[in-house]
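Here the structure is a predicted model, which is why all the values come from computation and not from measurement.
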Amino acid sequence: MNVFAVLPVSIPSPPQGVWYLGPIPLRAYGILIATAMVIAVLLTKKRYEERGGDGELVYDVALWAIPFGIVGARLYHVITSPHQYFGPNGQWLEIFRIWEGGIAIMGAIIGGVIGGWIALRRANQSLAPFADSVAPTLLIAQALGRFGNWFNQELFGGPTTLPWGLEIDDRHLPAGFASGTLFHPTFLYESIWNLSMAFLMIRLDKKVKFKGGQLMFLYMALYAVGRFWIENIRIDPAKLILGMRLNAWSALAIIVIGIVGFVIAGKRGASTRVEAPESTEENVE
């Protein structure tokens with residue numbers, strides 16, 4: 001039996017990614033990102049409580065991490081695509097029009113970590129247990145968020161004849177490709193990778209006695225491995241360094257940081273649980 005005979009001949013793209021409620025645009029990408037954030041917060045709360053932490057703190061951290069993550073995502077995009085804003089035909093004021101697209105997950109991670117660190121410092125709480133709580137939930141959120149690229153018909157891979165090739169409307173078709181060309185659905189590849197790695201991390205967390213911070217570094221390495229190979233099959237315009245896309249170089253750097261950080265965190269041996277503060281009250285007879 002030919003297994004490909006029972007598979008779809010292609011994956012259709014959604015006919016639209018924006019709906020209007022009167023004059024208000026409802027963008028699929030924004031709805032998916034917002035939903036992903038809510039899911040990540042709720043799952044992190046559950047995991048943080050299991051580690052002995054105060055679940056309500058997760059909401060406070062989210063109020064810092066999410067805005068910082070959005071700013072970081074936008075800044076990373078602007079820095080890596082400066083011609084869109086500062087080139088001959090660029091408009092720098094468009095930097096602030098974030099609702100029109102142009103965010104980068106790697107920048108979101110950096111910004112979110114900074115915002116979360118500030119919030120935890122303000123609450124006088126350790127970073128490692130929280131980071132280990134949030135690590136696999138980020139992969140789940142990223143898996144859902146990637147479907148925004150599907151709605152926008154963007155960031156897909158090169159042409160393919162595989163049964164799961166992605167259909168792209170003519171108005172979104174890159175120059176030089178004939179109408180009806182199918183492309184690698186990189187949004188689906190990354191979503192499957194992220195969900196698989198999230199499941200793996202959650203399983204390992206139940207079986208392995210990790211040290212504080214190791215799960216977060218493991219997340220960085222696992223996510224970046226998937227991002228590296230997916231980045232190298234994408235065909236959207238990107239800045240090249242030594243013939244390789246900038247985001248692929250960034251993924252390699254994150255892999256190295258993840259591996260080194262995992263080893264160092266293991267040697268430090270910090271707890272991955274929230275330690276109850278020692279009582280300072282004196283006994284009164």
Side-chain angles (χ1 to χ4, degrees), residues 4 7-18 27-33 35-36 40 73-74 76-77 80-81 84 100-109 138-200 219-241 243-255 258:
F4 289 132
L7 293 174
V9 294
S10 62
I11 300 175
S13 288
Q16 66 184 96
V18 184
R27 304 180 186 276
Y29 203 156
I31 294 171
L32 287 166
I33 293 294
T35 303
R74 186 59 167 177
Y76 186 97
H77 169 75
T80 56
S81 305
Q84 297 184 23
E100 294 183 353
I103 58 175
I105 185 60
M106 293 187 181
I109 294 171
L138 292 176
L139 286 169
I140 296 171
Q142 288 168 247
L144 178 58
R146 273 301 169 199
F147 278 82
N149 300 139
W150 180 45
F151 277 92
N152 287 353
Q153 299 194 44
E154 62 183 3
L155 308 185
F156 40 83
T160 182
T161 57
L162 291 170
W164 52 83
L166 179 66
E167 300 174 14
I168 297 296
D169 295 343
D170 289 349
R171 67 181 184 276
H172 294 102
L173 198 66
F177 292 97
S179 178
T181 301
L182 301 180
F183 299 87
H184 282 286
T186 51
F187 82 91
L188 185 60
Y189 296 166
E190 188 166 336
S191 293
I192 293 173
W193 174 267
N194 288 346
L195 287 176
S196 299
M197 294 305 101
F199 176 78
L200 174 63
Y219 152 75
M220 294 172 64
L222 291 176
Y223 167 70
V225 166
R227 182 60 185 267
F228 176 77
W229 71 266
I230 290 171
E231 191 68 31
N232 281 292
I233 63 175
R234 279 171 41 172
I235 59 172
D236 51 292
K239 183 177 179 61
L240 299 180
I241 299 177
M244 192 164 69
R245 295 165 67 96
L246 175 60
N247 283 339
W249 284 109
S250 298
L252 284 178
I254 293 173
I255 292 172

Check your understanding: Below 4.5 Å, heavy atoms only, C-beta onward: do Tyr76 and Ile109 meet side chain to side chain?
Key -> no
Exercise for review: Might you point out which heavy atoms bring Leu139 and Ala198 nearest each other, and give the distance in Å?
Suggested key: CD1-N, 3.6 Å
Check your understanding: Going through the distances and angles, do Ser13 and Phe156 end up as a side-chain contact (heavy atoms from CB on, under 4.5 Å)?
Key -> CA-CA 11 Å; Ser13 288; Phe156 40 83; over 6 Å; no
Check your understanding: Hey, are the side chains of Leu155 and Phe187 touching, using non-hydrogen atoms and a 4.5 Å cut-off?
Key -> no
Check your understanding: What residues form a salt bridge (charged side-chain N to carboxylate O under 4.0 Å, His left out) with Glu231, not counting sequence neighbours?
Key -> Arg227, Arg234, Arg245
Study note, to complete from the structure: Sorted by chain and number, sequence neighbours left out, side-chain hydrogen bond (donor to acceptor under 3.5 Å, both in side chains) with Glu190 holds for Arg146, Tyr223
Review point. Could you state the interatomic distance from OH (Tyr219) to CD (Gln142), rounded to the nearest 0.5 Å?
Key: 3.5 Å
Revision key, fill the gap. For Phe199, the side-chain contact (heavy atoms from CB on, under 4.5 Å) test, sequence neighbours excluded, returns Arg203
**Study point:** With sequence neighbours excluded, residues passing side-chain contact (heavy atoms from CB on, under 4.5 Å) with Ile31
**Key:** Leu26, Thr35
Point to revise | salt bridge (charged side-chain N to carboxylate O under 4.0 Å, His left out) partners for Asp169, two or more places apart | key: Arg171
Study note, to complete from the structure: Gln16 meets the side-chain hydrogen bond (donor to acceptor under 3.5 Å, both in side chains) criterion, sequence neighbours left out, with none
**Study point:** Close side-chain approach of Gln153 to Leu173, heavy-atom, < 4.5 Å
**Key:** no
**Study point:** Distance in Å, Ile168 CD1 paired with Phe183 CZ, rounded so as to fall on 0.5 Å steps
**Key:** 6.5 Å
**Study point:** Which residues share a side-chain contact (heavy atoms from CB on, under 4.5 Å) with Pro14, sequence neighbours left out
**Key:** Trp150, Phe151
Check your understanding: Under the side-chain hydrogen bond (donor to acceptor under 3.5 Å, both in side chains) test, which residues partner Thr160, sequence neighbours left out?
Key -> none
Revision key, fill the gap. CG (Asn149) and OG (Ser191) are apart, to the nearest 0.5 Å, by 8.5 Å
Study note, to complete from the structure: To the nearest 0.5 Å, atom CD1 of Ile254 lies from atom CG of Leu222 at 12.5 Å
Check your understanding: Could you give the distance from CG (Leu252) to CG (Asn247), rounded to the nearest 0.5 Å?
Key -> 11.0 Å
Review point. Can you name the closest pair of heavy atoms from Pro174 and Ile235 and give their distance?
Key: CG-CD1, 4.2 Å
Review point. So which heavy atom on Pro12 is nearest to which on Ser10, and how close?
Key: CD-O, 3.7 Å
Review point. Are side-chain heavy atoms of Met197 and Val225 found at a separation under 4.5 Å?
Key: no
Check your understanding: Where do Trp249 and Lys239 land on the side-chain contact (heavy atoms from CB on, under 4.5 Å) test, with the steps shown first?
Key -> CA-CA 11 Å; Trp249 284 109; Lys239 183 177 179 61; over 6 Å; no
Check your understanding: Is there a side-chain contact between Trp164 and Leu188, using heavy atoms and a 4.5 Å cut-off?
Key -> no
Review point. Could you walk me through whether Leu182 and Glu167 pass the side-chain contact (heavy atoms from CB on, under 4.5 Å) check?
Key: CA-CA 5 Å; Leu182 301 180; Glu167 300 174 14; 3.8 Å; yes
Check your understanding: Which heavy atom of Pro185 sits nearest a heavy atom of Ile11, and at what distance?
Key -> CG-CD1, 4.1 Å
**Study point:** Contacts of type side-chain hydrogen bond (donor to acceptor under 3.5 Å, both in side chains), residue Thr161, not counting sequence neighbours
**Key:** none
Study note, to complete from the structure: Nearest heavy-atom contact between Ile255 and Ala224 is CG1-CB, 3.4 Å
**Study point:** Trp229: side-chain contact (heavy atoms from CB on, under 4.5 Å) partners, not counting sequence neighbours
**Key:** Tyr189, Trp193, Ile233
Exercise for review: Identify the heavy atoms of Ala36 and Gly145 that sit nearest to each other, and give their distance.
Suggested key: CB-N, 4.5 Å
Exercise for review: Tell me, with the steps shown, if Tyr29 and Val18 meet side-chain contact (heavy atoms from CB on, under 4.5 Å).
Suggested key: CA-CA 9 Å; Tyr29 203 156; Val18 184; over 6 Å; no
